[in-house]
Novice: 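Could you have a look at this structure, given as structure tokens, before my questions?
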Amino acid sequence: MKSMVTILKGTVTALALFTMTQCTTTSGASTADEKTFIVGPQTADCTGVAPMKCLQVKEKPTDNWSNFYTNIEGFTYEPGYEYVIKVKTEKVENVPADASSIKYTLIKQISKTKK
């Protein structure tokens, strides 16, 4: 009888812990980070789902330019200027196959230089 009570107490404790950990959901959850980008003064021809123009972006002045295939929410690009911007990156769950799994949002435009 005593062992039955011990087993029941252990089971109730385990069940309570399991229930508490299952209350947190990860669907639609995102992790945010910040990055600083240098955006080049010209766009480049690139192909995503269809031919398009891509921003030229790098994270360090010594890096090579790379095509940036998605938009940066809140950022308005003007050709002929080089920008330094700070963006928030958020991992997006359940995205379509042709969309980016990262959402970029402008936090701050640090500089805009005529080139």
Side-chain angles (χ1 to χ4, degrees):
M1 180 73 166
K2 191 173 189 176
S3 63
M4 181 82 141
V5 170
T6 304
I7 291 171
L8 282 174
K9 282 183 181 178
T11 303
V12 168
T13 302
L15 184 59
L17 286 172
F18 175 78
T19 303
M20 285 189 291
T21 60
Q22 296 308 307
C23 288
T24 58
T25 177
T26 57
S27 68
S30 65
T31 56
D33 198 9
E34 291 182 5
K35 291 185 180 231
T36 301
F37 287 150
I38 302 167
V39 180
Q42 282 88 34
T43 57
D45 292 328
C46 60
T47 304
V49 175
M52 57 192 259
K53 294 282 190 182
C54 286
L55 294 175
Q56 296 295 287
V57 173
K58 57 186 176 179
E59 292 189 50
K60 295 183 243 167
T62 55
D63 290 347
N64 292 322
W65 293 109
S66 61
N67 291 338
F68 195 77
Y69 290 89
T70 190
N71 69 329
I72 300 168
E73 193 173 295
F75 176 64
T76 303
Y77 173 77
E78 187 179 346
Y81 291 90
E82 183 174 283
Y83 299 84
V84 178
I85 60 175
K86 184 178 280 194
V87 298
K88 176 175 72 169
T89 63
E90 295 178 89
K91 185 126 175 92
V92 179
E93 303 288 332
N94 304 319
V95 294
D98 61 345
S100 175
S101 63
I102 300 173
K103 176 183 174 188
Y104 297 88
T105 306
L106 180 69
I107 296 172
K108 178 182 179 182
Q109 181 177 302
I110 298 166
S111 67
K112 178 181 179 181
T113 309
K114 182 83 170 152
K115 292 289 179 169

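It should be emphasised that the depicted structure is a prediction, and the values quoted were computed from it without experimental measurement. Hydrogens, waters and symmetry mates are skipped; everything else that's a heavy atom, side chains included, is used.
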Novice: Can you tell if the side chain of Trp65 reaches within under 4.5 Å of the side chain of Ile38, non-hydrogen atoms only?
Specialist: yes
Novice: Enter the distance from Lys86:NZ to Glu34:CD here, rounded to the nearest 0.5 Å.
Specialist: 5.0 Å
Novice: Applying a strict under-4.5 Å side-chain criterion to I, L, V, M, F, W and Y, I'd like to know whether Tyr77 and Val57 cluster together.
Specialist: yes
Novice: How long is the straight-line distance from OG1 of Thr105 back to CD of Glu73, given to the nearest 0.5 Å?
Specialist: 4.5 Å
Novice: Between Phe75 and Val87, is there a side-chain heavy-atom distance shorter than 4.5 Å?
Specialist: no
Novice: Using 4.0 Å as the upper bound for N to carboxylate O, is an ion pair formed by Asp45 and Lys53?
Specialist: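 Here Lys53 pairs with Asp45 in a salt bridge, since their nearest N and O are under 4.0 Å apart.
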Novice: Looking at OG1 of Thr47 and CE of Met52, how far apart are the two atoms once the value is rounded to the nearest 0.5 Å?
Specialist: 9.0 Å
Novice: Could you check whether any side-chain heavy atom of Ile102 comes within less than 4.5 Å of a side-chain heavy atom of Lys91, counting everything from C-beta outward?
Specialist: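 Side-chain contact under 4.5 Å: no.
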Novice: Would you check if the side chain of Tyr83 reaches a backbone N or O of Ile110 as a donor-acceptor pair within less than 3.5 Å?
Specialist: no
Novice: Should we count NZ of Lys108 as having more than 12 external heavy atoms under 6.0 Å?
Specialist: no
Novice: Donor-acceptor pair, distance only, cut-off 3.5 Å: does the side chain of Tyr81 make one with the backbone of Gly40?
Specialist: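 Flag not set: sc Tyr81 to bb Gly40 has no pair under 3.5 Å.
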Novice: How long is the gap from NZ on Lys112 to NZ on Lys114, to the nearest 0.5 Å?
Specialist: 9.0 Å
Novice: Give me the ring orientation class for Phe68 and Phe37: parallel if the planes are under 30° apart, tilted from 30 to 60°, perpendicular past 60°.
Specialist: perpendicular
Novice: How long is the span from the CG atom in Asn71 to the CG atom in Leu106, to the nearest 0.5 Å?
Specialist: 11.5 Å
Novice: Find the distance between OG (Ser66) and CG (Leu55) and round it off to the nearest 0.5 Å.
Specialist: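 Atom-to-atom, Ser66:OG and Leu55:CG are 10.5 Å apart.
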Novice: Do the non-hydrogen side-chain atoms of Cys46 and Tyr69 ever get within less than 4.5 Å of each other?
Specialist: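 Side chain of Cys46 against side chain of Tyr69, heavy atoms only: contact under 4.5 Å found.
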Novice: Does CG in Asp63 sit with more than 12 non-hydrogen atoms of other residues, nucleotides or ligands closer than 6.0 Å?
Specialist: yes
Novice: Could you tell me which non-hydrogen atom of Gln56 sits nearest to which non-hydrogen atom of Asn67, and how far apart they are?
Specialist: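 For Gln56 versus Asn67, the nearest heavy atoms are NE2-OD1, 2.6 Å.
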